[in-house]
Amino acid sequence: QVTTITPYMFYDANKLSSLVIGNGVKTIGEQAFRDSGDDTNVVGELSVTMGENVETIGVEAFNSCTTMYSVTLPSTLKVIEGYAFSSTGLPGISIPASVDSIGYGSFGYNPNMTWIRIEDSTKPLKMWRGTNYGSFRNLKADKSVYVGRDLELSGDSQITIVSNATSSEIGDQVTTI
């Protein structure tokens, strides 16, 4: 049974149009799918389905998958490392309550991302802030942002999740942002 997708395993698999990661996989390695699904002559929209045992998504695992428009993060996920979903086509992202930390630039540079939802939890979420390394840097996110838990921030300046959302909501569990 496969438990780890090794680093660079499917790097630049540019004809990839659908990806199902099985329930046995716990770790998606560094740059495992970087630059995949980018052949727009073959691929319409890359859809990613992850099994319910994935706990770690490595550095740049899906970076520059520009046709990725759909991903559901499993409720077992604990760590999203740096630039994991940077420069994709994702329109939005829901971060499960199970996630403990989000690395620098993890969802940065996503021009289509208009919404972010950080699910409710009693435990704080560790993430990067600031203009240089923020977990959600350089996003449009002009529709909605929901934060359902405390945020523990590391980095170089003020928090920059969004700058121009038309709707923001802070959950009942939140005491510190």
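Start at 1 with the first residue, then count along the sequence.
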Of all heavy-atom pairs between Asn23 and Gly51, which one has the smallest distance, and what is that distance?
OD1-CA, 3.1 Å
Within a strict 4.5 Å, meaning less than it, do heavy atoms of the Ile80 and Ser106 side chains meet?
yes
Could you tell me whether a side-chain N or O of Asp12 sits under 3.5 Å from a main-chain N or O of Ser36, the two making a donor and an acceptor?
no
Which atom names give the shortest non-hydrogen contact between Cys65 and Phe33, and what distance separates them?
SG-O, 3.1 Å
Establish, from distance only, whether the side-chain atoms of Asn63 and Ser86 form a donor-acceptor pair under 3.5 Å.
no
Is there a donor-acceptor pair under 3.5 Å between the side chain of Thr56 and the backbone N or O of Val79?
no
If every non-hydrogen atom of Glu119 is compared with every non-hydrogen atom of Ser94, which pair is closest and at what distance?
OE2-OG, 2.9 Å
Quick check for you: to the nearest 0.5 Å, what is the distance between Ile57 atom CD1 and Phe62 atom CZ?
6.0 Å
Charged N-O contact under 4.0 Å between Lys123 and Asp100
yes
Okay, side chain of Ser98, backbone of Leu77: is any donor-acceptor separation there less than 3.5 Å?
yes
Is there a donor-acceptor contact under 3.5 Å from the side chain of Glu81 to the main chain of Val59?
yes
Could you check whether any side-chain N or O of Ser101 sits under 3.5 Å from a backbone N or O of Met127, counting only pairs where one atom can act as donor and the other as acceptor?
no
dist Ile93:CD1 -> Trp115:CH2 (nearest 0.5 Å) comes out at 6.5 Å
Can you check side chain to side chain contact (heavy atoms under 4.5 Å, CB included) on Phe10 and Leu19, steps first, answer last?
CA-CA 11 Å; Phe10 298 97; Leu19 175 60; over 6 Å; no
State the CD-OG1 distance between Glu55 and Thr76, to the nearest 0.5 angstrom.
6.5 Å
Please round to the nearest 0.5 Å and tell me the distance separating atom OH of Tyr8 and atom CD of Gln31.
4.0 Å
With Leu90, the side chain to side chain contact (heavy atoms under 4.5 Å, CB included) member among Thr114, Val71, Asn112
Val71
So, Asn53 side chain and Gly24 main chain: donor-acceptor pair closer than 3.5 Å or not?
no
When you compare the side chain of Thr27 with that of Ile5, does any pair of heavy atoms fall below 4.5 Å?
no
Any idea which heavy atoms bring Met50 and Leu73 closest together, and the distance?
CE-CD2, 4.1 Å
